[in-house]
Amino acid sequence: MTDERRTRRPIAARIEATAAEETPAPTGVTASALREAFSRWASGVSVVAVRDEATVYAITATAFLPVSIEPPRILVSVNPNATVLPFLTDGATFGVSLLAEGQRRLASIFADTGPLASMHFPRDGDPVLPGALASFICRVVRRHLEGDHTLVIGEVVRIEIGGDERPLVYFRREYGLPR
């Protein structure tokens, strides 16, 4: 991979917190300062997807967290405007695909709202992306509104392990780490 491809900005990296007013909270923390501080946390990139009959809705998410081994649980933090949120009801099935470095384009596609999701997923079955480092098929066990996001806890019911590629990382509002 050339140095140009490593440092090139994504087409549409729009994984940012919901806009908020700039008046400091009681703690003196402004939304812009918090966004800047959060951007310095390097995280893996995942795609959270749900299937509604033939249609798949998917979003790019950097807020993915393993919760426990027993029972097998994960957590994703979802923006209230996300296309997947209305489908993430108790008992609903969803997939989380951990992206490889070469899947940067997919991360950009799912960072925007649009009708492109279904064409990147298998026609039938679980809504997980081919070529992902790992995929978790989950059942929603709990939703919790916290601040400006909904925390969705899923029980892992199946896992698909992918290849050994490097992970796609999101850092300082860009895909990839600085070199």
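Note that the numbering runs from 1 along the sequence shown for the chain. We use all heavy atoms of the structure for the numbers below, so side chains are in, but hydrogens, waters and symmetry mates are not.
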Steps toward ring-ring contact (aromatic ring centres under 6.0 Å, His included) verdict (Phe64, Phe136): CA-CA 11 Å; Phe64 162 83; Phe136 304 86; 5.6 Å; yes
Asp90 CG: over 12 foreign heavy atoms closer than 6.0 Å: yes
Thr62 OG1 to Trp41 CH2 distance, which is reported to the nearest 0.5 Å: 11.0 Å
Centroid-centroid distance, Phe87 to Tyr57, less than 6.0 Å: yes
Side chain Asn79, main chain Asn81, donor-acceptor under 3.5 Å: yes
Flag if over 12 foreign heavy atoms under 6.0 Å of CG, Leu145: yes
Any donor-acceptor N/O pair, Arg143 side chain to Leu88 backbone, under 3.5 Å: yes
Pairing of Glu155 and Arg142 as salt bridge, 4.0 angstrom limit: no
Exam field: side chain Thr60 to backbone Ala107, donor-acceptor pair closer than 3.5 Å: yes
Nearest-0.5 Å distance, CZ of residue Arg173 to OG of residue Ser39: 4.0 Å
Shortest non-hydrogen contact from Ser135 toward Ser97: OG-OG, 3.5 Å
Minimum side-chain heavy-atom gap Val96-Val47 below 4.5 Å: no
Separation between CG of Leu99 and CG of Leu133, rounded to the nearest 0.5 Å: 7.5 Å
Side chain proximity check, Val56 to Val50, heavy atoms < 4.5 angstrom: no
Taking every non-hydrogen atom, the tightest pair across Gln103 and Pro130: NE2-O, 3.2 Å
Cluster check Val45, Ile59: I/L/V/M/F/W/Y, side chain < 4.5 angstrom: no
Between OH on residue Tyr175 and CZ on residue Arg105, distance to nearest 0.5 Å: 11.0 Å
Ring geometry between Phe110 and His120 (parallel below 30°, tilted from 30 to 60°, perpendicular above 60°): perpendicular
Spacing of OG belonging to Ser68 relative to CD1 belonging to Ile153, to within rounding of 0.5 Å: 9.0 Å
Side chain proximity check, Thr83 to Leu85, heavy atoms < 4.5 angstrom: no
Pairwise side-chain contact, Arg73 with Val141, heavy-atom cut-off 4.5 Å (strictly under): yes
Arg158 CZ: over 12 foreign heavy atoms closer than 6.0 Å: yes
Inter-residue atom distance Leu65.CG - Leu75.CG, 0.5 Å rounding: 5.5 Å
